[in-house]
Every structure is written in structure tokens, then in C-alpha cells.
Amino acid sequence: MNKIALITGATSGIGEGCARRFARGGYNLILTGRNTGKLEILKKELEAEGVEVLALAFDVRNREAAKKAVDYIPEEWRNVDVLINNAGLARGLEPEYEGDFEDWDQMIDTNIKGLLTMTRLIVPGMVERNHGHVINIGSVAGDAAYAGGNVYCATKAAVKAITDGLRIDVAHTKVRVTNVKPGLVETNFSNIRFHGDQNRADNVYRGIEPLNGDDVADVAFYAASSPEHVQIAEVLVLATHQANGTVIHRS
């Protein structure tokens, strides 16, 4: 059987890019997301290309739903080779003292607790088999806070710490752990951050050619394809005219 990659938040952006890239690389896929319709469309497209796809519709914020979904995975799909913790989002760009409580909860519950839930459910099997690779999608935002980024930046700093901590915890095994930290990526990320204000979202990418989901997926696939004795611990990937989380040259 082909190798198996489990990808959270697979219905758009970086997650969808990873699904398509790993499918081209010969992986069978377990795809998760909240949108059942999009999951089924993506499943049919990828199966038409010759890979097997198991679609699981749930929200990573719902721990019980995640547990039930993982329990549902058939025996022949349980030996997950690569876990890509991609599900994540940003909400709002207000000063911290004016932030929205629900936005904070959604970011923390998805970006941190959801990632931890999936790690807790999948990685024990990797440790037992002495084989596997966890790829967490972090962000340049986790390196330093920027104006209005407060809680989002904190969640991605947590992803870095959690990724580093897991790498320490599995150092006695052959399980590898990677943090991929993108800069500006043009997906529906900014639209979600601004609660559907597309004009405001478009301004984020004004005057620069940003990354896209496929660019980040290529980095994740490269990390997963490296020789077994090579562990790519962390990758910061930026658009050419972006220097860090705050310095961007716009034409």
C-alpha cells in the first residue's frame, strides 16, 4: 500500500495544496475539514488521479468529534506516515486591549488545542511503529509579534514551542518533526481574518507577489521526502520581497 498522509484543514489553501502535492507524490490521503461538500469534491478529484482518499468531516476544535473520527479510521489506514497539522486561522487585527473574546477562542482552540489533539491521537502509533513524520504549519508570525497580531502571533509561537517539544519527546525514535513557517500566503486566510471583508483582505497582498498554498506544500513534501536520517526541523519560507513578519517591499 502507498504511504499515508493525514492532512487537517485540507479543503482550501495550504491544506489543499498539500493534499494535491502528496497525491502527486504517490501518497494515499486522509483528509479532514469542516466542509463536507468541499471534502467530497476534493476526494473525487484526487481519486480520479489514482490515489485512495479517506475523507473525515469534523472540526479539530471539537475533541470528541476528532476522537470519533480517528476511531472510525479503518485498520488498513491506521499506519499514518505523515501527519500535517495545517488547520489554523487568524481572526481580527485589533489592538489586544480591544480584541474579540470569540476570535481569541477560535484561534487558540484551532491553532493550539486542535493541533495538540491531532498530535495526541496520531503520534502514539508513530512512536509504536518507530516511523512517522509530523509537519506542523506554523508562521513567521510565531517569530515576533506585529501590530494587531497579538493573539495570533502567540498561537504560532506556541506552535513553534510545541513542535520543538515534540521533537525532544520523540528523539529516541525515528519519528521526525518539522515546523514549516510561511510568510504572506494568498489564500482565504485574510478574508477569514477580516470576517469576510474581501477589499481589506486584498490589500494585504497589494504590491507584492505572495506565496500560494502550492509553494508551502512543496516545502512540506520536500521535508517528508528527505532521507530517513535527515530531519528538517524548521523552515522559514517567505515571498521574495518579504524580509520577515513586518518588513515587506511593495511596488
Side-chain angles (χ1 to χ4, degrees), residues 5-23 25 27 29-34 42 59-61 66 80-91 106-123 126 132-143 149 151-167 175-193 210-226 231-239 242 245:
L6 192 161
I7 304 167
T8 67
T11 56
S12 65
I14 294 171
E16 182 180 352
C18 286
R20 296 186 185 282
R21 182 64 187 88
F22 277 75
Y27 280 73
L29 303 170
I30 303 173
L31 305 180
T32 86
R34 294 177 295 170
L42 183 58
D59 188 332
V60 295
R61 293 179 297 170
V80 174
D81 296 279
V82 179
L83 167 64
I84 302 179
N85 280 314
N86 163 74
L89 77 166
R91 297 288 277 180
Q106 194 169 0
M107 287 186 284
I108 292 168
D109 290 349
T110 305
N111 301 0
I112 302 175
K113 293 165 71 175
L115 180 149
L116 283 170
T117 294
M118 295 307 298
T119 299
R120 181 64 181 84
L121 294 174
I122 300 300
V123 173
M126 293 181 172
H133 195 158
V134 179
I135 300 175
N136 291 332
I137 304 300
S139 172
V140 64
D143 288 346
V151 174
Y152 174 69
C153 294
T155 66
K156 290 304 184 177
V159 169
K160 173 176 169 52
I162 290 166
T163 306
D164 290 346
L166 179 62
R167 193 179 306 110
V175 177
R176 300 182 293 180
V177 185
T178 300
N179 184 15
V180 178
K181 306 187 302 183
L184 283 177
V185 185
E186 188 166 14
T187 63
N188 61 350
F189 174 89
S190 290
N191 183 284
I192 292 170
R193 162 166 264 173
L211 304 172
N212 58 52
D214 293 340
D215 297 324
V216 182
D218 282 339
V219 174
F221 187 80
Y222 176 82
S225 302
S226 58
Q231 178 170 220
I232 297 175
E234 189 170 283
V235 182
L236 176 64
V237 53
L238 305 171
Q242 180 176 14

Beyond-backbone contact of [X] with [Y], side-chain heavy atoms, under 4.5 angstrom:
{"X": "Thr110", "Y": "Leu115", "answer": "no"}
{"X": "Leu42", "Y": "Thr11", "answer": "no"}
{"X": "Leu236", "Y": "Val140", "answer": "yes"}
{"X": "Thr187", "Y": "Asn212", "answer": "no"}
{"X": "Val216", "Y": "Asp218", "answer": "no"}
{"X": "Ile30", "Y": "Val80", "answer": "yes"}
{"X": "Ile84", "Y": "Phe22", "answer": "yes"}
{"X": "Val237", "Y": "Lys181", "answer": "no"}

Mark yes or no for whether [X], through its side chain, and [Y], through its backbone, hold a donor-acceptor pair below 3.5 Å.
{"X": "Arg21", "Y": "Ala217", "result": "no"}
{"X": "Asn86", "Y": "Thr8", "result": "yes"}
{"X": "Glu186", "Y": "Leu211", "result": "no"}

Legend entry - Test side-chain contact (heavy atoms from CB on, under 4.5 Å) applied to Ile135 and His133, step by step: CA-CA 6 Å; Ile135 300 175; His133 195 158; 3.7 Å; yes
Legend entry - More than 12 heavy atoms from other groups under 6.0 Å of CZ on Arg34: no
Inset, instruction - Could you go through the side-chain contact (heavy atoms from CB on, under 4.5 Å) check for Leu6 and Ile122 one step at a time? - result: CA-CA 9 Å; Leu6 192 161; Ile122 300 300; 3.8 Å; yes
Inset, instruction - Test side-chain contact (heavy atoms from CB on, under 4.5 Å) on Leu184 and Leu238 and set out the steps. - result: CA-CA 7 Å; Leu184 283 177; Leu238 305 171; over 6 Å; no
Legend entry - Salt-bridge criterion met for Asp214 and Arg20 (N-O under 4.0 Å): no
Inset, instruction - Please test Ser226 against Arg176 for side-chain hydrogen bond (donor to acceptor under 3.5 Å, both in side chains), starting from the C-alpha separation and ending with a verdict. - result: CA-CA 10 Å; Ser226 58; Arg176 300 182 293 180; 3.0 Å; yes
Legend entry - Passing option when Thr163 is tested against Asn136, Asn179, Thr178 for side chain to side chain donor-acceptor pair (under 3.5 Å): Asn136
Atom of [X], atom of [Y] and distance for their closest heavy-atom approach:
{"X": "Val60", "Y": "Met118", "value": "CG1-CG, 4.2 Å"}
{"X": "Met107", "Y": "Leu89", "value": "CG-O, 3.6 Å"}
{"X": "Ala158", "Y": "Ile112", "value": "CB-CD1, 3.7 Å"}
{"X": "Val185", "Y": "Gly213", "value": "CG1-N, 3.8 Å"}
{"X": "Asn111", "Y": "Lys156", "value": "ND2-CE, 4.3 Å"}
{"X": "Val82", "Y": "Ala224", "value": "CG2-CB, 4.3 Å"}

Legend entry - NZ or CZ of Arg91 within 45° of Tyr152 ring axis and under 6.0 Å: no
Legend entry - Lys113 and Arg61: CA distance, side-chain angles, deciding distance, side-chain contact (heavy atoms from CB on, under 4.5 Å) verdict: CA-CA 7 Å; Lys113 293 165 71 175; Arg61 293 179 297 170; over 6 Å; no
